[in-house]
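Scroll down for the structure; my scribbles are underneath it.
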Amino acid sequence: MDGEELTEQETQLYDRQIRVWGADAQRRLSKAHVLVCGIKGAVAEFCKNIVLAGIGSLTLVDNRLVTEEALSANFLLPPDEGVFAGKTVAELCCDSLKDFNPMVRVSVDRGELSSFDEEFLKTFDVIVVSCCSLAEKKSVNEKCRNLPKRISFYTVDCRDSCGEIFVDLQHYTYAKKKLEDTVECQLSYPSFEEAISVPWKTHPRRVSKLFYALRVIEKFEEAEGRNPGETTISDLPGVLKLKKELCESQSLNEAHIPNALLERLVTNSKEFPPVCAIIGGILGQEVIKAISGKGDPLKNFFYFDAVDGKGVIEDISSKP
């Protein structure tokens, strides 16, 4: 992302944040191209944050029509039916985001996530996916890794008062302040498929219960051919049965995945707006760090549960 310097207009508009992270970081942001697929509450918060930060461009993909559930958590959607009639979620969010920062190019792509090829994906520096199946997460992440260019890949999922972020920066180099000096650091990330395939019995002793619970629900939705979040209380017996099978095959004590947690996630799949703000804020912060190359990035899962108010980072990798 080397290239032009910031314009005078950009320097004036982003003066305060330039004082925080420097002109070079702001220049990198202004040249970065971000693709977002699936726009619910947490992703809407993320989009608002990076548009205000001054990224170069943001491309939105979400061909769903507006529903009552979408309105409950996505503040970018206008509540007036006369405004959103006939428009997709992505088109409505695009209109709102342009008002936040006219200097950022915000556009919509009407394609489907599963149809995007490597030729299309290589035009972006950051890709964020949400509201998609387990297979789609794996597929898009793998396509990103097949490219000669390094693309920062993220998944985000919010259900009830819980949230998950996954990060894959591949082989990543960044600058870190150490006393008075700036040192260069390197991290290697596993892909999404590699991370969730690490045998559970090899995990550190205390891994977030949300990691396991979300893997069970992902597997259940995949087996039943459901879209993400399409579960109800009537699915709980099937989810609990699958949990038992997975725990047996993975040699994991069933107590690591409380039935009460699974019941919450299955019954209340809608997002909780205050949690969306937290997850969207963390995700925005991580993307800005990845683009600017400054600060310790998250590796490689982040979890938040409003019930205990704790945010937890889990490094789940086959390598020590």
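Numbers for residues simply follow the sequence, beginning at 1. The shown structure was predicted, so the numbers you read here are calculated from the model rather than taken from an experiment.
Between the side chain of Glu286 and the backbone N or O of Leu283 there is no donor-acceptor pair closer than 3.5 Å. In this structure a side-chain-to-backbone donor-acceptor pair under 3.5 Å is missing from Lys137 to Val129. Thr182 contributes no side-chain N or O that, together with a main-chain N or O of Lys176, makes up a donor-acceptor pair within less than 3.5 Å. The backbone N or O of Ser191 lies less than 3.5 Å from a partner atom in the side chain of Glu194, making a donor-acceptor pair. At distances below 3.5 Å, at least one donor-acceptor pair connects side-chain atoms of Thr231 with backbone N or O atoms of Val266. Checked by atom type and distance alone, the side chain of Glu10 pairs as donor or acceptor with a backbone atom of Thr7 at under 3.5 Å.
A 4.5 Å side-chain heavy-atom check between Ile313 and Phe301 finds every atom pair outside the cut-off. Between Leu71 and Val66 the shortest side-chain heavy-atom distance falls below 4.5 Å. Put simply, the side chain of Glu45 does not reach to within 4.5 Å of the side chain of Ile279, judged on heavy atoms.
Contact record, Ala306 with Val275: CB-CG2, 3.8 Å, taken as the closest heavy-atom pair. The two residues Glu314 and Ser208 come nearest to each other via the heavy atoms OE2-N, 2.7 Å. Scanning all heavy atoms of the two residues, the minimum distance from Tyr154 to Ala290 falls at OH-CB, 3.2 Å. For the residue pair Lys294 and Ala25, the shortest heavy atom distance occurs at CD-CB, 4.4 Å. The minimum heavy-atom distance linking Val104 with Ile55 is given by the pair CG2-O, 3.2 Å. Minimum interatomic distance between Ala90 and Val61 (heavy atoms only, all atoms of both residues): CB-C, 4.2 Å.
A centroid separation of 6.0 Å or more is found between the aromatic rings of Phe302 and Phe304. In summary, the aromatic rings of His256 and Phe211 are positioned with their centroids too far apart to meet the 6.0 Å limit. Ring to ring, His171 and Tyr189 are not that close: their centroids are 6.0 angstrom or more apart.
Legend: residues meeting ring pair (Phe, Tyr, Trp, His ring centres under 6.0 Å) with Tyr14, ordered by chain and number and at least two apart, are absent. In this structure Phe272 satisfies the ring pair (Phe, Tyr, Trp, His ring centres under 6.0 Å) test with no other residue, sequence neighbours excluded. Taking the side chain to side chain contact (heavy atoms under 4.5 Å, CB included) definition, one finds that Ser133 meets it with Ala135, Glu136, sequence neighbours left out.
Legend: side-chain hydrogen bond (donor to acceptor under 3.5 Å, both in side chains) pairs involving residues 272-281, not counting sequence neighbours: none detected. For the salt bridge (charged side-chain N to carboxylate O under 4.0 Å, His left out) condition, the pairs that include at least one residue of residues 152-174, sequence neighbours left out, are Arg145-Asp168, Asp157-Arg159, Arg159-Glu221, Asp160-Arg264, Glu164-Arg215. Among residues at least two apart or in separate chains, salt bridge (charged side-chain N to carboxylate O under 4.0 Å, His left out) pairs with a member in residues 104-123 are Glu91-Arg110, Glu119-Lys122.
Linking Ile, Leu, Val, Met, Phe, Trp and Tyr whenever their side-chain heavy atoms come within less than 4.5 Å leaves Val287 and Leu121 in two separate clusters.
Residue Asn101 forms a side chain to side chain contact (heavy atoms under 4.5 Å, CB included) with just one option from Val51, Val106, Leu58, and that option is Val51.
Under the 30°/60° scheme for interplanar angles, the aromatic rings of Trp200 and His203 are found to be tilted.
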